[in-house]
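A quick write-up on the structure given underneath.
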Amino acid sequence: MSFIEENDQTQARRQHLERIAAITGNAYPNRFLRSQVVRPPEPDTITSVFEIYKYLTPKTEGNERATPEQLEAANRILNDVHVALAGRLAVPPRVMGKAAFVHLTDGVSRLQIYVRKESTKAVAGGDDIHSVLDAGDEAKNDRRELDGWEMFNLLDHGDFIGVRGHLFVTKTGELSVHVDEFEFLAKALVPMPDKVHGINDPELRARRRYADLIAGSLKVETDASDSNIRELTTRHVFERRAALVRAMRHYLDERDYTEVETPMLVPVASGAAARPFVTHHNALDITLYARIAPELYLKRLVVGGFERVYELNRNFRNEGLSTRHNPEFTMLEFYAAYMDAHDMMNTCEDILRRSIETALAGDDLMTSAATVIRWGDHTINFDKAFERLTMKQAIVRYFPDELRELGAEKFEEWWLDDAERVRRLALFLNDYETHASAPLIEAAPDDKPTLEGAPRGAMRDIIAEAWAQYASGAGDGEETADDLESNAADAGTEAARTAGYVQQIFEMVAESELIQPTFITDFPKAVSPLAKASPHDVGLAERFELYIGGMEIANGFSELNDPVEQRERFAGQQKAREQGDDEAMVLDEDYLRALSYGMPPTAGLGIGIDRVVMLITNRRSIRDVILFPHLRPERGIEDANHEAAHDDGRD
RNA sequence: GCGUCAGUAGCUAAAUCGGUUAAAGCACUCGCCUCUUAAGCGAGUGCUUGUGAGUUCGACUCUCACCUGACGCACCA
């Protein structure tokens, strides 16, 4: 039946609802006409009224109260302002004998209302559409006056009401509405989130985002909380997300990029290395895939004469969930004819810096410049020029100090050009990373398998010994190395395999260290089937990735526009696929045909929007920046849904 | 899929080495209170301690399995 838990609180609310329905005749009226004082003809909101009139509230220091003269001065003006406002009860109705103060919220701000037993009325039916159209027609106006105090005592925390009255400031200096009459608008049948703690359980926050958002608007600031560091609420996170997306669109629109929408359901899922979701079109009786990237469609448009296009929308990848991965995620992809990867790197830097600055400018929760953000314990600076490193430079720079000396040898940059050394290093690091703990636990007297926990000398010996095994080839048989080897083998050729290892090493030693915005260049061609080769090195792609906060944020390159070479690259991927790499890129025959019509030299860029939002909102989990992230289905609710579907006669 | 940690009332949560009837605050119900503001005062309802087994005289506490989640790994160029 119902999925709402039964308890004393839900019962009380339902009883209140029944009483209200009996008294008003309709507990869910269709509309409430709000006043248009602040910005006619827009209806007044709690936020707009509060923002406009709060300047009249007397300024006081600490616990000091406003003087009667100050209050009188403010009230002289405020008492003439008559408003009709609506919102949700932000507190449980707290009655003091014959009067009550409660707060209403519109999801952003809260405003206090003052209700008196003797004078405040409740009304019902007054705003029916006919009563407005046929004003004065008594027969059609079913507006009725009710017992205000009785109605007020049937209200619960979270209910919606509309109020009419005039503004005033209380003795404590708070802007309030002196309510002449109010109207019941809608019932909250379940208890509201805790006013102090909100919702703490991250699962519940994501699963019931509506409740999470409500919690933010109901939360009170406690004495204990530092008023200087206001918390970024869920509402703020998504306002910022919207501001960022708006700024990015604006940036591109201003520079003559055309926003387009290409297919989400595609017959060939290509343009990236990922497994797709599969679905079926009944009428055509064909298999369709949810797109994994819009890339190949956008380049078709460049062929067709759109010199600059962008798409900001969802991609779908059938992969695991993590703090950085959601099966559907938002990507901005754009393409510009006659540019190359270097131009695109500059553009990437510029759009991010400007969009972030625009998105954060005027955000009253920002304490510092809009281009300097807090990311966990770090400060990320978007003002400075983004650093640019080749993949190998990054490996050398971030190679762990405790591993620099491997046995009798010393790690040096030239190792990365030696295929055999690269292979052994990758295998060693992988082993070291995944269960470095095994030998280290033996070395460490306590149960802390960290480098700090073990005696320095013993640690060096262990590493030296482990490395010696790999250097002699003895470590190759390790089970843990198999996955890595098969991964690297996907690419086929010797050079590609080495390239794969270099990339693995990069990800193991450098990626998480790249906190400040850093471009990584010189990607192996073998792992970049859609990118043009570097004019300086045929083994490299003219490609870059941007890392910030230890995350891959953007990926761009000079687009391969030679249809013959593109076909060969696809063929290479096809081979990898046949060897078992089910994420190798799929050949798209129509795309090759499009390229054959001729595509100008073009550069493209993809920016992971969710991750940028994580950065600018200081959120460590992608689930915190996606309104409804994918979660394992809730137990029980599936069955309830299913049952309901059957009741509807749907199957 | 693997590992670590967690799950106590609607919410936030306490409970010494395995030991009496499983604290408390918020919320809810009733009463009092006409400028309160995390309103206050008084009284009251509500927990088969995630589920199921086991060890024990005795289990929130220990063991095993399962469910759910967080984090890490794997997967994800």
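Proteins get letters first, then strands, A, B, ... in listed order; numbering begins at 1 in each.
Backbone-only contact: A/T323 has heavy atoms under 4.0 Å from sugar-phosphate atoms and none from a base. Among the protein residues, A/R623 comes within range of the sugar-phosphate backbone only, with heavy atoms under 4.0 Å from sugar or phosphate atoms but none that close to a base. In this structure, A/Y114 reaches the bases: a heavy-atom distance under 4.0 Å links it to at least one base atom across the strands shown. Among the protein residues, A/Q9 comes within range of the nucleic acid bases, having at least one heavy atom under 4.0 Å from a base atom. Residue A/E583 is classed as a sugar-phosphate contact, given heavy-atom separations below 4.0 Å to backbone atoms only. No contact: A/E552 has no heavy atom under 4.0 Å from any strand. Note on A/H157: nothing from the nucleic acid sits closer than 4.0 angstrom, heavy atoms only.
Annotation: B/U49 and B/G44 have their P atoms spaced 24 Å apart (nearest Å). Taking atom C1' in both B/A59 and B/G52, the straight-line distance is 15 Å, to the nearest Å. One P atom belongs to B/G3, the other to B/U12, and the distance between them is 29 Å to the nearest Å. For the C1' atoms, the distance linking B/A38 with B/A22 amounts to 27 Å, nearest Å.
Classification of the A/Y114-A/F101 ring pair by plane angle, with boundaries at 30° and 60°, yields parallel.
Of the side-chain N and O atoms in A/R13, none sit less than 4.0 angstrom from OP1 or OP2 of B/U29. Distances shown here put every side-chain N or O of A/R94 at or beyond 4.0 Å from the OP1 or OP2 atom of B/U36. Look at A/K98 and you won't find any side-chain N or O under 4.0 angstrom from OP1 or OP2 of B/C33. Remark: A/H16 is in phosphate contact with B/U29, judged by side-chain N or O atoms under 4.0 Å from OP1 or OP2.
Counting only Watson-Crick and G-U wobble pairs whose two key distances fall under 3.5 Å, RNA chain B forms stems of three or more stacked pairs at B:1-7 with B:67-73, B:10-12 with B:24-26, B:28-32 with B:40-44, B:50-54 with B:62-66.
With a 4.5 Å cut-off on side-chain heavy atoms, A/V163 and A/V83 do not count as touching. The shortest side-chain heavy-atom distance between A/Y289 and A/V268 does not fall under the 4.5 Å cut-off.
Nearest-nucleotide mapping onto RNA chain B: of A/F523 and A/H103, the residue sitting toward the 5' end is A/H103.
Between B/A70, B/U34, B/C28, one nucleotide has an atom nearer to the side chain of A/P92 than all others, and that is B/C28.
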How would nucleotides 40-46 of chain B be written as a contact map, 5' to 3', with B for base contact, S for sugar-phosphate-only contact and - for no contact, using protein heavy atoms under 4.0 Å? -----B-

